[in-house]
Amino acid sequence: MQAYLLFSISLCLAVGSLAERPHPCKSPPLFEGSMALTILKEKTFGVEKFSYDAFEERVHIRLLLDQDNHTTYRDTLLLYKEGIAYQIFRHNQTCEKVHFKDPWKPMEIPRDAKFQSQVVIGSLSAPAEGLLVNNWSGTMAEPHDDYLLTFTEFGCLPVHAWWYNIERQSLLSLSFFDMVLGVEDPEVFNPPSFCDKAEPDNDGALTSFVDTLI
């Protein structure tokens with residue numbers, strides 16, 4: 001009876017929230033988890049673990065990537081404030097240090113995003129069977145890609161994100177799962193000691209988040 005009562009209350013809150021149009025939100029400043037990615041044009045698929053720090057504008061990605069039936073592993077640390085990215089090769093303790101020119105883009109719903117719908121992933125037929133999410137769409141200022149974003153109603157955590165450009169026939173899809181608030185080991189945002197002597201490559205630079213994935 002108690003479980004049913006709690007479920008009824010949560011259902012009423014969910015239905016009540018539908019009457020109020022959701023507003024764009026920001027994700028928690030510190031969290032980590034896993035995500036699956038698809039880059040259609042490059043025929044690239046991957047699963048990665050990531051750590052996200054909005055305070056210091058840092059992201060650490062550990063990615064198992066399949067590209068044209070060739071599997072690789074990438075360990076990348078992105079330091080947006082410093083404009084530096086590290087490609088870390090732990091098997092032989094070497095590093096590549098490159099300039100990184102992509103401006104920081106926090107994990108959030110843009111203020112000019114258009115609210116599309118509020119739906120339940122799963123079911124509301126019983127307690128703990130469904131997840132209430134909001135769907136948003138819009139167009140990025142630069143590059144001019146369209147996007148579709150799905151974030152949780154409570155907590156503003158990302159569930160799914162699509163960026164696509166019909167003219168270029170490009171698509172980047174990210175699906176998020178197993179997320180945890182906070183970062184278990186803050187040292188993940190510091191390059192390992194064997195990277196200390198790495199010098200940035202002045203002949204090239206990464207200009208976008210996608211560049212770090214392919």
Side-chain angles (χ1 to χ4, degrees), residues 26-108 143 145 149 151 155 157-163 170-214:
K26 291 184 178 181
S27 292
L30 284 169
F31 67 97
E32 55 191 355
S34 301
M35 64 180 174
L37 71 91
T38 301
I39 306 175
L40 185 62
K41 195 170 184 179
E42 284 78 15
K43 297 180 181 180
T44 300
F45 309 92
V47 178
E48 65 182 76
K49 291 185 177 294
F50 70 92
S51 302
Y52 171 87
D53 176 9
F55 291 123
E56 297 299 328
E57 299 180 2
R58 306 177 292 187
V59 179
H60 191 174
I61 301 167
R62 286 81 76 196
L63 173 64
L64 186 64
L65 193 69
D66 184 282
Q67 189 171 26
D68 289 329
N69 295 321
H70 179 66
T71 301
T72 59
Y73 177 77
R74 301 200 176 198
D75 188 341
T76 305
L77 176 61
L78 306 176
L79 304 177
Y80 283 81
K81 283 186 176 180
E82 292 85 346
I84 291 293
Y86 289 90
Q87 299 281 2
I88 303 167
F89 305 95
R90 299 184 187 274
H91 66 286
N92 60 5
Q93 295 199 329
T94 60
C95 261
E96 290 181 5
K97 185 178 180 181
V98 297
H99 294 288
F100 184 53
K101 298 181 178 180
D102 194 23
W104 173 251
K105 299 180 182 67
M107 194 79 73
E108 64 182 16
D145 291 345
L149 305 175
F151 276 60
L157 289 168
V159 177
H160 196 87
W162 286 41
W163 292 270
S170 62
L171 169 67
L172 169 62
S173 170
L174 301 177
S175 296
F176 299 83
F177 56 97
D178 290 345
M179 287 179 289
V180 178
L181 297 184
V183 173
E184 183 177 1
D185 180 13
E187 286 298 312
V188 297
F189 297 116
N190 296 321
S193 58
F194 56 79
C195 294
D196 290 347
K197 295 182 180 180
E199 295 294 333
D201 182 2
N202 294 320
D203 294 331
L206 298 175
T207 58
S208 73
F209 172 75
V210 177
D211 287 344
T212 69
L213 303 177
I214 59 177

Measure the [atom1]-[atom2] distance between [X] and [Y] for me, rounded to the nearest 0.5 Å.
{"X": "Asp145", "Y": "Trp162", "atom1": "CG", "atom2": "CH2", "value": "14.0 Å"}
{"X": "Gln87", "Y": "Leu78", "atom1": "CD", "atom2": "CG", "value": "8.0 Å"}
{"X": "Leu77", "Y": "Leu79", "atom1": "CG", "atom2": "CG", "value": "4.0 Å"}

Please tell me if the side chains of [X] and [Y] come closer than 4.5 Å, counting only heavy atoms from C-beta onward.
{"X": "Thr76", "Y": "Leu63", "answer": "no"}
{"X": "His160", "Y": "Ser173", "answer": "yes"}
{"X": "Met179", "Y": "Pro158", "answer": "yes"}
{"X": "Glu56", "Y": "Phe189", "answer": "no"}
{"X": "Leu149", "Y": "Trp163", "answer": "yes"}
{"X": "Ser51", "Y": "Arg58", "answer": "no"}
{"X": "Asp75", "Y": "His60", "answer": "yes"}
{"X": "Leu64", "Y": "Thr71", "answer": "yes"}

In a check of side-chain contact (heavy atoms from CB on, under 4.5 Å) between Glu57 and each of Glu82, Lys81, Lys105, which one passes?
Lys81
Just by distance, no angles: are the side chains of Glu108 and Ser27 close enough, under 3.5 Å, to form a donor-acceptor pair?
no
With side-chain contact (heavy atoms from CB on, under 4.5 Å) as the test, would you mind laying out the steps for Ile84 and Lys97 before giving the verdict?
CA-CA 7 Å; Ile84 291 293; Lys97 185 178 180 181; 3.8 Å; yes
Minimum heavy-atom separation for Phe177 and Val47, please, with both atom names.
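That would be CZ-CG1, 4.4 Å.
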For Pro28 and Tyr52, work out which heavy atoms get closest and say how close.
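The answer is O-CE2, 3.6 Å.
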What residues, two or more places apart in sequence or in another chain, satisfy ring-ring contact (aromatic ring centres under 6.0 Å, His included) together with Tyr86?
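Here no residue qualifies.
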Any residue meeting ring-ring contact (aromatic ring centres under 6.0 Å, His included) with Phe151, in chain and number order, not counting sequence neighbours
none
Ring-plane angle category for Phe50 and Phe176, please: parallel below 30°, perpendicular beyond 60°, tilted otherwise.
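Judged by the thresholds at 30° and 60°, the geometry between Phe50 and Phe176 is perpendicular.
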Quick one: do Asp102 and Tyr80 satisfy side-chain contact (heavy atoms from CB on, under 4.5 Å)? Show the steps, please.
CA-CA 7 Å; Asp102 194 23; Tyr80 283 81; 4.2 Å; yes
May I ask you to check whether Phe89 and Tyr73 place their ring centers less than 6.0 Å from one another?
no
Lys49 NZ: over 12 foreign heavy atoms closer than 6.0 Å
no
Table please: side-chain donor-acceptor pairs of residues 180-188 below 3.5 Å, with sequence neighbours left out.
{"residue": "Asp185", "atom": "OD1", "partner": "Glu187", "partner atom": "N", "Å": "3.1"}
{"residue": "Glu187", "atom": "OE1", "partner": "Asn190", "partner atom": "ND2", "Å": "3.1"}
{"residue": "Glu187", "atom": "OE2", "partner": "Asn190", "partner atom": "ND2", "Å": "3.4"}

